[in-house]
Amino acid sequence: MSFTELGLRAEILRAIAEEGYTEPTPIQAKAIPVVLAGRDLMAAAQTGTGKTAGFTLPILQLLSTKPATARGKPRVLVLTPTRELAAQVEESVRTYGHFLPLKSTLVFGGVGIGPQIKALKSGVDILVATPGRLLDHVGQRTVDLSGIEILVLDEADRMLDMGFIHDIRKVLALVPKQKQTLLFSATFSDEIRGLANGLLREPQLVEVAPRNATAELVSQRVYPVDKARKRDLLIKLIDDHHWHQVLVFMRTKHGANTLAEKLNKADISAAAIHGNKSQGARTRALADFKSMKLNVLVATDIAARGLDIDQLPHVVNFELPNVPEDYVHRIGRTGRAGASGHAVSLVCVDELGLLRDIERLLKKPIEKIVLPGFEPDPSIRAEPIENGKRGQGQRSGSPRGGNRPGNAPKGAPPRPGQPQRGNASRGNAAQHHSGSRHR
Ligand code: AMP
């Protein structure tokens, strides 16, 4: 199938061609006709499947062919769980709508509200927002949602995980009943179905293979290692293999900060990205990572979700996630768009149960490699994993845009490190100059 066959107008086809897309991805081939037909949609699709264009392209087509019912008010509202995802969606709207006279704007917390008010005042067709800041605007009467014709809930499962359900319900009460609704979610949990039941009218269901089914291009490895030796092992792997663009996952913000600091001390340029970082710091870190000024980006699951980094070669699970599905999301960051990728997990004795759950989900064992000098000490007993509460570690405090510069968690307890044993080679980190990594 081609994009032309989907019936998209010339201006949109031109923008797609400029992006270098030759054919629709499976989610696009399935979702675009549904949206163009004006139907409600419930789509199971994860980041990396091309879902953003799956809803953006037909929305642009609908808006550009149908006159607005209310002038100046937003016609489309896209709600996303995170600022990064909101920014990426809005960027896609701009890219694909480049040759159309439609206006989009972005509304999220953690940055000044003034410029957003100005942009909203100047009139906007497509509004991409995170729920908390959107409600702040509603409270200040700087946005009017009564003209919404199409509502998109992107990564709805994450929005529920992050505790946005009440905010979402408030937003739903503010948009017209008569509208088209598109719901995207990685999974169809009971909670999602509950939300969808009250919201969608005779929705068309669309499902594409989750990334774990399409991730054959990702080579997966587990390195069994003691907790206290993980950092040295990571440095050795980065050095020995000359990895230059590595996304490292941690369970906690504190852990992400500490690891980034230690890597920098080992002459590996790294930054942490999580909910306690200011928006400016997050945007800068992502830009530096994309342009390879930064070697390593250390992220929590929620911060990393939705990051659009093409063809990321290496993903490292410094700690396994508490939820096995998050493992699949994490490794979905690599091996995208036909490129091969590597996913490496550093697994200590505490995490063997989590590893078993992940292998059960994948329905296959993951190759294990014990690196000489990093053999786990069999006398170490498993300890309960800190921050075992599901997802709590990645919550960004108040979802209402409460993450401002300088409010990093004070007094967060350090991870209890185990006594350092053995003296295996720390690799050749010291021989590298940071400049050599800044490719
Ligand atoms: P998404 O799942 O929306 O985050 O998209 C993942 C990546 O796929 C983005 O980098 C898009 O630019 C890219 N993409 C989207 N549609 C296509 C397509 N039809 N062909 C090639 N790449 C695409």
Side-chain angles (χ1 to χ4, degrees), residues 1-8 12-33 35-36 41 43-61 76 78-98 104 106 126 128 152-159 182-187 206-215 217-218 245 247 286-287 289-291 299 301-313 315 328-341:
M1 174 175 291
S2 71
F3 280 109
T4 320
E5 286 169 69
L6 288 169
L8 296 170
I12 299 175
L13 293 176
R14 188 172 159 203
I16 294 169
E18 288 198 356
E19 282 304 288
Y21 305 168
T22 48
E23 56 178 323
T25 65
I27 186 73
Q28 290 161 5
K30 287 182 181 176
I32 291 173
V35 182
L36 287 179
L41 173 73
Q46 296 173 352
T47 295
T49 54
K51 69 179 167 65
T52 315
F55 63 80
T56 307
L57 299 175
I59 283 176
L60 290 167
Q61 171 94 7
V76 174
V78 183
L79 282 182
T80 76
T82 65
R83 307 155 191 189
E84 280 80 10
L85 186 61
Q88 284 167 15
V89 169
E90 205 253 348
E91 173 139 19
S92 296
V93 171
R94 281 174 195 262
T95 304
Y96 306 136
H98 187 69
S104 60
L106 189 55
I126 300 168
V128 186
V152 182
L153 300 180
D154 195 11
E155 301 203 349
D157 50 342
R158 275 290 144 155
M159 286 201 274
L182 318 175
L183 183 148
F184 286 79
S185 184
T187 53
V206 164
E207 237 169 312
V208 292
R211 290 211 56 97
N212 55 339
T214 56
L217 287 163
V218 181
Q245 211 181 20
L247 181 61
L286 182 60
F289 184 61
K290 280 188 177 182
S291 65
D301 287 285
I302 286 197
R305 180 128 174 139
L307 289 185
D308 179 17
I309 307 164
D310 283 335
Q311 306 187 355
L312 192 56
V315 165
V328 178
H329 290 147
R330 288 177 176 190
I331 72 163
R333 312 304 321 165
T334 181
R336 308 180 116 200
S340 63

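Atoms within a ligand are numbered from 1 in the order they appear, just like the ligands themselves. Below, each value reflects all heavy atoms present in this structure, side chains not excepted, and no hydrogens, waters or symmetry copies. Being a predicted model, the structure only gives us computed values, none of them experimental.
Here is the list of ligand 1 atoms found below 4.0 Å of a heavy atom in Lys51: 1 (P), 2 (O), 3 (O). The atoms of ligand 1 that sit less than 4.0 Å from any heavy atom of Phe3 are 19 (N). Those atoms of ligand 1 that come under 4.0 Å of a heavy atom in Thr52, given as number and element, are 1 (P), 3 (O), 4 (O).
Remark: side-chain polar atoms of Glu90 are not paired, donor with acceptor, to backbone N or O of Ala87 under 3.5 angstrom. Glu155 places no side-chain N or O within donor-acceptor distance of the main-chain N or O of Ala186, the cut-off being under 3.5 Å.
The shortest N or O to N or O distance between Thr22 and ligand 1 is not below 3.5 Å.
Considering only residues two or more places apart in sequence or on other chains, Glu18 meets the side-chain hydrogen bond (donor to acceptor under 3.5 Å, both in side chains) condition with none of them. With sequence neighbours excluded, no residue satisfies side-chain hydrogen bond (donor to acceptor under 3.5 Å, both in side chains) with Arg14.
At a 4.0 Å heavy-atom cut-off, ligand 1 touches Glu23 through the backbone alone.
Note that the CD1 atom of Ile126 and the OG atom of Ser92 stand 11.0 Å from one another [nearest 0.5 Å].
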